[in-house]
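Worksheet for the structure shown next.
Here is how names work: the chains are called A, B, and so on, in the same order as the sequence lines, proteins then strands, and each is numbered from 1.
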There are 2 protein chains.
Amino acid sequence: MSDKRVTVIDIAKAAGVSKSTVSLVLQGSPLVNESTRTKVSAVMRDLGYVYNRGAANLRQTGSKTRIIGVVVNDLTNSFFAELAVGVDMVVQSAGFVQFLSNTSESIDRQREVIASMREHGISGLIVSPARGTAAADFKPLVAAGIPVVAVVRGLPGARISSVLSANMEGAIEAVRHLATLGHKRIAFMGGFANTEVFRERLAGYRQAMEDLGLGFSEDLVIASAPSRAGGVDAVGRAMAMPDRPTAALCFNDAVAFGACDGLRARRLEPGEDFAVIGFDDVIEAGTAVPALTTVAVDPQGMGRRAAQLLLKQINAGKPEPETIVTAVRLVVRESCGAHRGPVDVEQMRKKA
Amino acid sequence: MSDKRVTVIDIAKAAGVSKSTVSLVLQGSPLVNESTRTKVSAVMRDLGYVYNRGAANLRQTGSKTRIIGVVVNDLTNSFFAELAVGVDMVVQSAGFVQFLSNTSESIDRQREVIASMREHGISGLIVSPARGTAAADFKPLVAAGIPVVAVVRGLPGARISSVLSANMEGAIEAVRHLATLGHKRIAFMGGFANTEVFRERLAGYRQAMEDLGLGFSEDLVIASAPSRAGGVDAVGRAMAMPDRPTAALCFNDAVAFGACDGLRARRLEPGEDFAVIGFDDVIEAGTAVPALTTVAVDPQGMGRRAAQLLLKQINAGKPEPETIVTAVRLVVRESCGAHRGPVDVEQMRKKA
DNA sequence: TTGACATTTTGGAACGTTCCAATTAAACGC
DNA sequence: GCGTTTAATTGGAACGTTCCAAAATGTCAA
C-alpha cells in the first residue's frame, strides 16, 4: 500500500500547521489550541500516522524509551512465567513495553541479552540472575543510571534493588508445622549450597530446629540437584542413614515431587510413612497425588512489586537501592500427613 | 559515573579517524583496514561505548530494527510459555530481541500492545490471536510490509502466515485408539464452537467416527467452557444421557482433567469405568493420577518454527504467506484404560 | 495608538547513526 | 615518472522527532 512512512511533517503539511505544532499535539501539551488539536488529530487518523518512538528517543536527553527489560533464568518454569505476567501487567498499564528474554541459567547468554537490551535503550531492567552471576556484571548498567531490580535471587554486593521472598520465615514455619505433627528427625533435602536462596531456606530450617530444641546436625542436610531427579536421590540417601529422618523440608517443589517418587519406589507412601513439604507452590502442587504441602510464594505478586519498584525508580531519576521481602505462607495439603492428625513417629520409623 | 553518552564521534576523535570509519567498523565492513579496525575496537572497549540502535534504525530505510514482537493470549498457561521460549531461542540466536506481551484474551489489550510495538518499530510479529480477533486488525501491519505469523490459532481471511498443529489428524488418531480398545459410543467433550481449533478437532472426531462406521451424531458432541469446570459439567451431561457414551475425546487437557473430576464425583474411575483422552499434553498430564492419555502438540517446536518462518520472511523482503502444520502424536498413559487391555464396554455401561 | 501581557505557533538546531559521492593513499604496469 | 587501478578513508546530508528561542496573534488598559 503506502511505500513511504508518514511523518510528522506530512501531518503538518496536510493540516496546515508546522511540525512543531504537531509535535506539541503528540505530547498532549496544553499550549496548543483545542481546535487545532482536534484538526491535527483527525489528520493523523486519516493518514494512518504511527509515532516513531525511536526518533523521539534519539532527541530526548537520557534514555526515556518506555522499554523495560525482563530477564528470567527459566521461563518454562511456571514460577517464572507467572512472574513475567505480573511484571507485564503493571508495565503494560504504565504504557511501557517489556523486552523478555530467557537465559536458561547461562551467564553468557545473560550477558548477551543484557547487552542487546542496552543497545535498544531500555529505561530499566528486572532480572532474576542466572546462577553464578557476579555483582560486577551490572556495574555498567548502574553507572549509566539505569535502574535495576533483582528478583527472586538477590545480588549481594551490587548497589541494586531487589524483591525477594521471605525464605527463612517460610522454612521456619514449615519445620514448626512438622514438629507439631510429632516429627523430631526432620531433614532438609535438595538444592546446591552455593545459592543465596538455598542459604536462606537452610538458615530458616536451622533456626527452627534449634529453637524447637531438636538440634541442628549437618547429617540431616542432604544436598542434591534442585530437580525431581535430585529429590529421588536425596530421599534414597536419607533412607540409607542409620538413624533415619521421618520428615523432610525440601528445597523446592521439584525436589519434593522427586522425594515422593523415591518413597513410592520403596513402597512407602508420602504423607503416611514419611512427611514431605515443598517450597514455592507451583501449579502442579495442588493437583498431584498426594497433593503437596508446600510454602507458597506468590510469583505474580513479586513480579508486580518488582515492576512497581522499578517504575518508581525510573521516575525518581536517581535510583535509591531498596529491598522488598514478600511474605510467604504454608499451604497444608496431604504430603505432610496433617490430614490424618498427629502421627506415631516410631511406627513410621519402623516401617521405613 | 559518566554523565554523557559516548558516541561514535567520541570514538572517532579518540582513535584519530572519522566517524564514517567507526561506523564501518561497527558494521564489520571488509573495506576497513585490519589495523584501524583493531585500533578502533580497542578504543570502543576502553571508553565503554554502547551502540545506539535507535539512531541507526532511524537512518536505515524501512524498519531494520532487530526487534520482533510476540503476543500471546495467556502466558500463565504453560503451553504458551513453552511457545514463547521456543520463539526466544531462535530469535535470540539470530541476534534479535523479543517484545513479549500477554493479552489475557482481551482484544482491546491486544490492539494496544500491537500499536505500542509498531511505535517501537518491530520488524516482525508473532501472535497467537485473542479469541474473536478479526483478520482486519492486522491489515495495517501487512500494509506496512511487516511480516506477521499467527500461531496456534489461525486467522482466516488475512493474508498472513500461520503455524498450526495437526488438530484434525490428532483427533482422528485419538478416536481410532479408543475404537481399538472396544469403545463404540465415543463423545466429544468441551470447547466452544466458535473457534477454529474447536472446528478442526471436531472435524477430526467426526471423520474418524464415520470412517470407523460408528456414525456421527450431534448428541455426542457436548460443548462446554474449555476449562476444568467445563469438563465437570460436560461429563455430567454425558452421564445423564439415555444411551451413555463409554469414552470421550476432550477438547483439551483442562477439560479432560475436569472430566476425571466429574467421574470421580460419581464414584467412577477414569480409565477403568470410562475412558478419557485429552489434547495438548500440558506438563501436569504426566503427573496427574491417573496419568492423562492425550494428544501431544509440541509448543516449543511450534514457537521455533514460527520464529524461523518469520525470520525467513523478514529477510525475504516481500512476505509470502505460508502455512505450516506441525505434527502431533498420541501419548498413551492411563486415563484411556489401555494399560489394562481391551475393555468390556457392556460392563462399563452398566456400572456407569 | 501604543505598550504590556497572555496565548499560540513556528523555524531551525540538535540527537547518533548510516549512506553516498568524493577524496586520498598506495600499488601497479609501462 | 605517469596514468590507472585498487584500497581505505572521509565529510556532509539525511532519518523523524523534540527542544528552544523567537515570532505572530489576540486582548486589554491607559
Closest nucleotide of DNA chain D for B:L24 versus for A:V8: which of these residues is on the 5' side? B:L24

Under a plain distance cut-off of 3.5 Å, with no hydrogens placed, do B:S35 and B:N33 share a side-chain donor-acceptor pair? yes

If we ignore angles and hydrogens, is there a donor and acceptor under 3.5 Å between the side chains of B:Q27 and B:S23? yes

Nearest whole Å is fine: how far is [N] [atom2] from [X] [atom1]?
X     : N      : atom1 : atom2 : result
A:Y51 : D:dT17 : OH    : P     : 8 Å
B:N33 : C:dA27 : CG    : C1'   : 14 Å
A:N57 : C:dC15 : CG    : P     : 14 Å
A:K19 : C:dG12 : NZ    : P     : 9 Å
B:N52 : C:dA14 : CG    : P     : 18 Å
B:E34 : D:dT9  : CD    : P     : 11 Å
A:K39 : C:dT9  : NZ    : C1'   : 11 Å
A:R53 : D:dG16 : CZ    : P     : 17 Å

Looking at [X], I'd like to know whether one of its side-chain N or O atoms comes within less than 4.0 Å of OP1 or OP2 on [N].
X     : N      : result
B:Q27 : C:dT17 : no
B:Q60 : D:dA14 : no
A:S23 : D:dT18 : yes

For the side chain of A:I9, starting at C-beta, report the closest nucleotide among D:dT9, D:dT17, C:dT18. D:dT17

On a plain distance test, is the side chain of B:S18 in donor-acceptor contact with the base of D:dG11 below 3.5 Å? no

Side chain of A:R59, base of D:dT17: donor and acceptor closer than 3.5 Å? no

Can you name the closest pair of heavy atoms from B:V148 and B:I160 and give their distance? O-CB, 3.7 Å

Please work out if A:T21 contacts a base, only the sugar-phosphate, or nothing of the nucleic acid, heavy-atom cut-off 4.0 Å. base

Mind checking A:S20 for me? I need base, sugar-phosphate or nothing, with any heavy atom below 4.0 Å counting as a touch. base

With a 4.5 Å heavy-atom cut-off, do A:M44 and A:L26 have their side chains touching? yes

Check for a donor-acceptor pair, side chain of A:S123 on one end and backbone N or O of A:T65 on the other, with a separation under 3.5 Å. yes

